[in-house]
There are 2 protein chains.
Amino acid sequence: MTELSVIGKNTLRIDALDKVTGKAKYVIDVMLPGMLYGKMLRSPHPHARIINIDTSRAARLAGVKAVITGRDISPERLGFIRDRTVLAIDRVRFIGEPVAAVAAVTRELAEEAAGLIRVDYEPLPAVFDPEEAMKPNPAAVIHPELLKYALHPLPFPPYRFEPDRPNILIHRHVEHGDVEQGFKESDLVLEDRFSAAPMQHCLMEPHNCVAQMGADGILTVWTTTYWAHWFKAEVSRVMGLPPSRVRVISLYIGGNFGGRTTPHLGLTAALLALKTQQPVKMAFTREEVFIDSASREPMVLYIKDGVKKDGTLVAREMKAIINAGAYSSLIVQIARSSVFATVGVYRMPHFKFDAYAVATNEPPYGPFIGFGGSHIVWAVENHMDMLAEKLEMDPLEMRRRNLLKEADEDVCGQINHSTGARECLDKMAGWIEWGTTPPLPSGSWKVGKGVAQGCRQTIAGTTSVAAVKVHEDGAIEVRHSAHEVGQGCNTTMAQIAAEEFGATVDMVKVVFTDTAITPFEFGTVSMRSTFNTGNAVQLACQDAKRQLFALASAKLGVPAEGLDIRDNRIYVKGVPERGLRVPELFTPLGYLVKGGELVGNGVFTCPISSEDINTGQGKRVVAYLSHGANAAEVAVNTETGEVKLLRLGGCYDMGRPINPKACEAMIQMGLAIGTGTALTEEMVVREGRIVNPNFMDYKAPMAMDMPSTDRVAYQFAPAPHREGPYGAKGFAENTPVPVAPAIGNAVYHAIGVRIKDLPITKEKILAALAAKAGRASAP
Amino acid sequence: MTELSVIGKNTLRIDALDKVTGKAKYVIDVMLPGMLYGKMLRSPHPHARIINIDTSRAARLAGVKAVITGRDISPERLGFIRDRTVLAIDRVRFIGEPVAAVAAVTRELAEEAAGLIRVDYEPLPAVFDPEEAMKPNPAAVIHPELLKYALHPLPFPPYRFEPDRPNILIHRHVEHGDVEQGFKESDLVLEDRFSAAPMQHCLMEPHNCVAQMGADGILTVWTTTYWAHWFKAEVSRVMGLPPSRVRVISLYIGGNFGGRTTPHLGLTAALLALKTQQPVKMAFTREEVFIDSASREPMVLYIKDGVKKDGTLVAREMKAIINAGAYSSLIVQIARSSVFATVGVYRMPHFKFDAYAVATNEPPYGPFIGFGGSHIVWAVENHMDMLAEKLEMDPLEMRRRNLLKEADEDVCGQINHSTGARECLDKMAGWIEWGTTPPLPSGSWKVGKGVAQGCRQTIAGTTSVAAVKVHEDGAIEVRHSAHEVGQGCNTTMAQIAAEEFGATVDMVKVVFTDTAITPFEFGTVSMRSTFNTGNAVQLACQDAKRQLFALASAKLGVPAEGLDIRDNRIYVKGVPERGLRVPELFTPLGYLVKGGELVGNGVFTCPISSEDINTGQGKRVVAYLSHGANAAEVAVNTETGEVKLLRLGGCYDMGRPINPKACEAMIQMGLAIGTGTALTEEMVVREGRIVNPNFMDYKAPMAMDMPSTDRVAYQFAPAPHREGPYGAKGFAENTPVPVAPAIGNAVYHAIGVRIKDLPITKEKILAALAAKAGRASAP
C-alpha cells in the first residue's frame with residue numbers, strides 16, 4: 001500500500017475535545033423558547049381493538065396544549081412494508097404501542113395528562129411464538145391487510161409473500177445446486193436447531209427529538225436518527241409536506257448499533273408541533289427504549305450440513321425464523337441479508353436458505369449491529385465445530401478447507417474480493433495459541449478455547465453525496481450526511497479530505513448532518529460510511545481540487561493537470577517552488593470572481609446488479625463483504641455454571657484501515673457486544689411483556705466484565721478494496737458477529753456441553769451438565 | 001417594458017405573515033443555554049487620558065464571569081481609516097466611549113458590575129466645532145497618529161490627507177472647468193451658508209448581538225449588521241481568527257437607514273464569549289443607540305453659484321464641512337460620495353467641490369440614509385429657489401433649464417443613463433398644482449408650496465454573490481446575503497427567482513443571511529440590493545436553469561437552448577405539451593445522479609472605472625443615479641412658528657419597479673424621514689453631550705405628524721436601467737433626499753423667510769420673522 005500522510009495514521013478524533021469537555025451538543029441539548037414536552041400513552045394489551053378514546057379530561061388539564069390520537073393523524077404507514085401508523089389506529093398489536101400523545105408545558109404535566117386519557121379496548125387473541133404464528137390459521141392474524149401494503153420504494157428486489165400463512169411478513173429464498181443431491185453425496189449429514197434471544201442496543205442516549213414548525217412554513221426536526229434524509233422523506237410523505245418544507249438536523253448521537261429506527265417518535269413530535277404551532281420536545285424513557293425502539297430480533301435457526309470425510313462442505317440447508325414482533329421495521333431487510341453471513345464465508349456446492357419474518361404480538365424488533373448475520377454465524381460456527389468433532393478433525397482445519405478465497409465465486413454468483421478471511425483465522429489461531437492446552441485452574445473451573453469465523457456484507461446500490469467547500473483561507477469544509485454516532489465517521493471524512501488536499505486534519509471542518517445544508521445520504525447503516533460516504537467525500541475533494549487547479553492554472557500559466565496541492569499551496573509538480581497559496585485565488589473579501597464560492601461535489605453510488613427473486617443469484621448484490629475471526633479462552637465453573645472470559649481477540653479485514661486507533665475502538669465495541677450476546681444479554685419477554693426493561697435487570701457487559709487489556713487482541717487483516725477510498729471498506733458491523741460462537745465453542749471445549757440457545761447462561765450450563773450427566777449415567 | 005408575470009406586480013411580502021403574527025425572529029430572540037449578558041462602561045469625558053482602570057471590585061461580584069478593558073484586547077483598529085479600537089485604549093475621545101465591558105449571569109448584574117469599575121481619567125482639552133477643529137493648531141488633536149493609520153482595503157481611490165490640519169480626517173476635492181472664470185461669465189453670482197443638525201436613525205430594534213465560541217472552534221455571532229460578510233472579515237482580522245472560523249448570522253433586522261455600523265458591539269460580545277467560553281448577549285439601550293451608533297453627521301455647507309440671466313447655471317463652488325465626531329466610521333465615504341447629489345442633477349460647466357471630514361470630540365457620526373446627499377441637496381435646492389427669485393424666474397423653470405438629460409455627460413465625466421429627473425419634477429409640479437394659489441387659511445396661517453429635486457448614487461465596483469438551489473420538489477431556494485432590514489429585499493429576490501423560473505413567489509424560499517451558508521455580499525448599503533444582489537440572484541437562477549435544461553435535454557432529446565420552464569415544468573419552446581416536471585429530474589430520494597444537488601451560482605460585480613484623485617473625474621465612478629422630486633404644501637403660523645404639512649408628494653425613478661406596493665412603502669418611509677429632517681429631528685449636542693438621547697425629547701415624526709393618505713403622493717418615473725435585473729435599480733435611499741428643501745422652499749413661499757439651518761423649528765421661524773420685521777422696520 002502506498003505511503004500516505006494522514007490515511008492509515010492514528011489520528012486524534014476531531015470530536016475528542018468536545019466529548020471529554022462535555023461541550024458536545026446532542027439533540028437533548030436543544031432548548032427552544034416556548035418549547036412544550038410531548039408524551040405518549042401506550043397500550044397495556046398485546047392485541048386489542050380500540051373501542052373508544054376519551055381525551056377530554058387530559059385536554060382540560062391546565063398547561064396541556066394538544067392531545068392527539070390515531071384518529072387525528074394521517075393513515076400513511078411507516079416501515080419497509082408500510083405496516084405501522086404513527087399512533088395506533090383502531091387496533092393495538094403490542095404492549096406499549098402508542099395510542100395517543102399529548103403536548104404540555106412541562107414533562108410532568110404531559111405525563112399526568114397522558115394518564116388521564118381513557119381508552120376502552122376489546123382484547124383479541126394474541127400470538128407470541130413465531131413458529132406458531134407462521135402456521136396457516138394462526139391464533140391471531142397480526143396484519144390482516146398485509147397484502148395490501150405497498151413496498152417501500154427502495155432499490156431492492158421484491159420479496160415473496162405467503163398468502164396462506166398470513167403472519168409471514170416476507171419469505172426470502174436462496175438456492176443453488178441441489179441440496180438433496182448434495183446430502184446424498186455426503187459422508188456425514190448433521191442437523192440441528194439454534195436460537196438467539198432478543199437483545200437491546202443499550203444506547204447511552206435514549207431516543208429524543210425536538211420538532212418546530214417555523215414561521216417560514218418549514219418543519220424542522222432535530223432528532224437522533226441515523227438517516228436524516230430518509231427521515232425527511234418520511235416526514236414529507238406522512239405529513240403531506242413538500243420535501244423542501246421539511247428540515248432534519250442531527251447533532252452528536254449517543255450510539256447507533258441499528259437502534260435509531262424510531263420515525264414514529266419524531267413524527268409524533270412533529271404532529272404535536274404542527275397542532276400547537278410551538279416547539280415540542282419528546283424523549284423516550286429507558287423503559288420506552290426497551291419497548292419501542294425495535295430491539296434485536298429473536299431468531300430460530302435450523303441448519304443441516306452434508307460434508308465429505310475430509311471436511312469438505314457439500315451441501316447446506318438453513319431455515320431462519322425471525323420473530324418480527326408486531327411491526328416489521330427493517331425486518332424484511334434482515335431476512336434478505338442475513339444469508340450473506342454464511343454465503344460469503346464458505347464454499348458450498350449445494351445450498352438452500354429460507355428466511356421467514358413472522359409477525360407476532362411481541363414488541364417490534366428490528367436492526368441491530370450484525371443485522372441478522374450474528375444469528376446465522378451463531379448456528380454455522382457451532383455447527384462447523386460439531387461437524388469437525390464428528391469427523392475427528394481440527395475445527396480450524398475444517399474451516400480452512402472450506403473458506404472462500406480472493407476471486408472465488410460464492411454460491412450466489414458473486415466474486416469474492418478483498419477477502420481477509422483466512423488471515424483473520426490464522427492470526428487468531430496464532431494469538432490464542434491454538435492446539436496448546438492452557439494450564440487448568442484448580443477445582444471446578446474448566447478451561448477451553450474456541451474460534452469462529454464470520455462475515456457481514458454492506459448494502460449495494462445506495463448513494464452518498466458530499467460537498468466540499470474551500471474557504472478563503474484554504475480551510476476545507478466537508479458537508480456530508482453520515483451521522484456521527486460515536487463511530488468517528490467525521491474524523492474519517494476529515495482524514496480523507498486532509499489526505500486529498502495534502503493538509504492536516506485541523507484544516508478540515510466537518511459539518512453535522514442538516515438536510516438543509518448537507519447533501520443526500522442513504523444512511524449511517526450497514527457499515528456504509530467509510531466506503532460510501534468516504535468515496536463521495538473523496539470525489540467531492542477531487543472536484544474541488546479540479547476547480548482550484550483550473551483557477552491556479554490561469555494564474556500560473558501551467559496546465560491544470562501539472563498541478564498538485566500541499567500545505568494550502570498549489571504548486572507545479574516537479575517544480576515545487578513555483579506555485580501560489582490557496583487564499584491567493586480568492587479576493588481579499590473572500591469570494592471567487594467567477595462562481596463566488598468554491599464547492600466541489602461528489603456522488604457515489606455503489607454498483608448493484610439484479611438479483612433473481614427465486615434463487616438469490618446475482619453478480620453484485622452486496623457492496624462488499626467484511627470478514628473476521630474471533631478467538632476466546634474461557635473458564636467455566638461446573639458447580640455454578642459461571643463463565644469467565646480469560647482471553648478474547650478479534651481480527652478483521654477493513655480494506656485499508658484509515659484510522660487504526662479508531663479501528664481498534666470498533667473492535668473493542670464488537671468484542672463487548674459479542675460478549676453480551678454470548679453470555680448475558682436477553683430481553684425477557686413473557687406474553688408480550690418485557691420483564692426486564694432497565695439496566696438493573698438487563699445485563700449488558702461493563703468494562704469489568706471484559707478481559708483486561710493484556711488479554712484482548714484487536715488485530716487487522718487489511719485487504720484493500722479496489723473501490724474503497726484509499727482501499728478502505730467498512731468492518732465495524734462485523735466485529736461482534738463471530739464472538740458468540742467463539743465463546744460457545746470455547747465453553748464446549750471446556751466442559752463438553754454445547755448451549756445452542758443464546759445467551760449461554762449459568763442456568764443453561766448447569767441444566768446441560770445435568771442432562772449430560774443424566775445421559776451419561778443412563779443406559 | 002415587456003409584460004412579465006411577477007416582476008412589476010404588487011406582491012404580498014413574503015415576511016408579512018411572520019411580522020403581523022409576531023413569529024418573525026430577531027437576534028434579540030436568540031437565547032442560548034448558559035448565556036451571559038454583557039455591558040459596557042462608558043467614558044464621562046469628551047476627551048481624556050485613561051490613567052488607570054481598577055476592575056477588581058467588579059470582578060469580585062458573584063455572577064460576574066469576565067471583565068475586559070482596552071488593555072485586554074487587540075489594538076487592531078476599526079473603521080474606514082482604522083481610527084477606533086473595540087474598547088478605548090489609553091485615551092477616550094467622546095462622552096460615552098466604551099472603556100471596559102463585563103459579562104455576568106444577568107443583565108442587572110452586568111450593569112451593577114460595570115458600575116463598580118473605577119477609571120481614573122486626566123481630562124484633555126476638547127474641540128466640538130468642526131470649523132474650529134479643522135484649523136491648523138486646533139485646541140485638541142483628536143487622532144495625533146492619524147497619518148499612520150492604514151486605509152481600509154476597499155476598492156476606492158485614495159483620499160487626500162491634510163498634514164497641516166490634523167483633525168481633517170480626509171479631504172475630498174472635485175473640480176471641472178474654472179469656477180472663477182465661470183463666475184466672471186455669470187450675470188448673477190450668489191453665495192450662502194447652510195447647515196444640518198445631527199439626526200438619529202431611530203431604528204425600532206436597538207443594536208444587539210449574541211456571540212458564542214463553539215466547541216468546534218468556530219465563533220458564531222448573531223448580530224444586527226447590514227453587512228455580515230464584512231463583519232465576519234472584521235472579526236477575523238481583529239480577533240486573529242481565520243475567516244473560516246468565524247460565522248455571522250443575521251435574522252430579521254428592525255430597521256437599517258445606515259444605522260447598523262457598530263462592529264465594536266459584536267466584537268465586545270465576541271471577546272467576552274471567548275474569555276468566558278459561554279455565549280454572551282449584548283444589547284444597546286436606547287440611550288446607547290443615540291450615543292454610540294454613528295448617528296447622521298452634522299454638516300456645514302457653503303455654496304456659491306453663478307448663473308446667466310436666463311437661469312443657465314455657469315459655475316458652482318461648494319464646500320462641505322462634515323463633523324465626523326470622535327471616530328470616522330464611514331464618514332470618509334460620505335465625504336467622497338455626497339458630491340454626486342449635485343453633480344448628478346444639473347449641468348454646470350464650471351464646478352469645484354471640497355468636502356472635509358473633521359474629527360471632533362462629539363460622538364462618532366456616520367452613515368444615514370441619503371449618505372451626505374441630503375445635506376448637499378438641502379443647500380443646492382434652497383439656492384436654486386433663491387437664484388430663481390433673484391432672476392424673477394419660476395424656480396421649476398430654472399431647474400428644468402439645467403437638468404441633465406439621458407445621455408448627457410456630467411461634470412465628473414459620467415454619462416447619464418436611466419434618468420427620470422425631468423419626469424419626477426413634472427409629475428410633482430402637476431400633482432401640487434404648481435402655479436395655482438391655494439386657498440388661504442384664516443388668521444395667522446400662511447400657505448406656501450415648494451418643490452425640490454435630488455439624486456443619490458449607488459456605489460460601483462462592489463460584488464454580490466448568490467446561489468440558487470432547486471429542491472427535489474422544484475422549490476427554489478435563494479441564498480444571498482443582503483439583509484432583510486424591513487425594506488423587503490427577500491421578497492424582491494423571491495420575485496426575481498419566481499420570474500426566472502416561471503413560478504409563483506410561494507415556490508421560492510429565501511434563506512436568511514448566514515456567512516456559513518449564504519455567499520458573499522458587499523452589504524445592504526447604498527441601495528444596492530435590488531440592483532446588485534438582484535443581478536446576482538438572476539444570474540444564479542439562470543445558471544440553475546442551464547443545469548436543469550441540460551438534464552432535461554438528455555431526457556427529452558431536445559437541445560437545452562430549445563427549453564423553457566414554467567409552473568415547475570420544463571417544456572420544449574413552441575411545443576409546450578412536450579416536457580417533464582422538474583421533480584422527474586431527481587431520484588425518488590431527492591438527489592441528482594450527477595452532482596447530487598442542483599445549485600446555480602451568480603456573481604455580479606458592478607463595473608467601476610478609475611477616478612482621478614485630484615479632480616474626481618472618471619467615466620464610471622458610481623453604479624447608477626436615482627433621481628427624484630418632492631413637492632410640499634405647508635401652512636405656517638406666523639404667531640407660533642408652527643408648520644403644518646398640508647400635502648407632501650414624492651416621485652422617483654427606480655428603473656423598473658419590481659414590487660410597486662413595496663416601492664410605495666419606500667416612498668412613505670422617505671417622506672417621513674425627510675419630514676423629520678425638515679422640521680423636528682435634531683440630536684442636541686452640548687459640549688460633547690447628547691441632551692436628548694430618547695424618544696421623549698428627540699422628535700421623530702409619527703403617523704399623526706404626516707398628512708393624511710389623500711394628501712400624499714407616491715409616484716414613479718420608471719426609466720429602466722440596462723444593467724438592472726429586469727431594468728430595476730435601487731431608489732429608496734433617495735426618497736428622503738429632496739424632501740427637506742421642498743418643505744423649506746414651501747415655508748419661504750408661505751412666509752417669505754428662509755431657514756437655512758435644519759431643522760426648521762418654530763423658534764427659528766419666529767426669530768427669522770422677527771429679524772425680517774426688524775430689518776423691514778429699520779431704515
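No experiment lies behind these values; they were computed from the predicted model shown. The sequence lines fix the lettering, A, B, ..., with proteins before strands; numbering per chain opens at 1.
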Where on D514(A) is there a heavy atom nearer than 4.5 Å to chain B: the side chain, the backbone, both, or neither? neither
Can you tell me how far CH2 of W227(B) sits from CG of L589(A), rounded to the nearest 0.5 angstrom? 10.0 Å
Which atom pair, heavy atoms only, marks the closest approach of G595(A) to N601(B)? O-CB, 3.7 Å
Is there a side-chain contact between L592(B) and F520(A) in this structure, where contact means two heavy atoms from C-beta onward sitting under 4.5 Å apart? no
Part of V510(A) within contact of chain B (heavy atom distance under 4.5 Å): neither
Determine, for R479(A) against E597(B), whether the closest basic-nitrogen to carboxylate-oxygen distance falls under 4.0 angstrom. no
Region of K25(A) that comes under 4.5 Å of a non-hydrogen atom in chain B: neither
Pairs of heavy atoms under 4.5 Å with chain B: top-ranked of A233(A), P242(A), A466(A), G600(A): P242(A)
Who among T587(A), V603(A), D473(A) has the most heavy-atom pairs with chain B under 4.5 Å? D473(A)
Pair count under 4.5 Å, heavy atoms only, with chain B: among K469(A), K594(A), M31(A), K509(A), highest is K509(A)
Please rank G596(A), S236(A), P243(A), G214(A) by heavy-atom pairs under 4.5 Å with chain B and give me the top one. P243(A)
Name the member of T463(B), I517(B), I218(B), T21(B) that forms the most heavy-atom pairs with chain A at distances under 4.5 Å. T463(B)
Mind ranking E472(B), K232(B), E477(B) by heavy-atom pairs under 4.5 Å with chain A and telling me who comes out on top? E472(B)
Heavy-atom closest pair, residues D18(A) and D216(B): OD1-N, 4.2 Å
Identify which part of A516(A) has an atom lying under 4.5 Å from any heavy atom of chain B, answering side chain, backbone, both or neither. backbone
Is V593(B) close to chain A through its backbone or its side chain, or both, or neither, when contacts mean heavy atoms under 4.5 Å? backbone
For D506(B), is it the side chain, the backbone, both or neither that has a heavy atom under 4.5 Å from a heavy atom of chain A? backbone
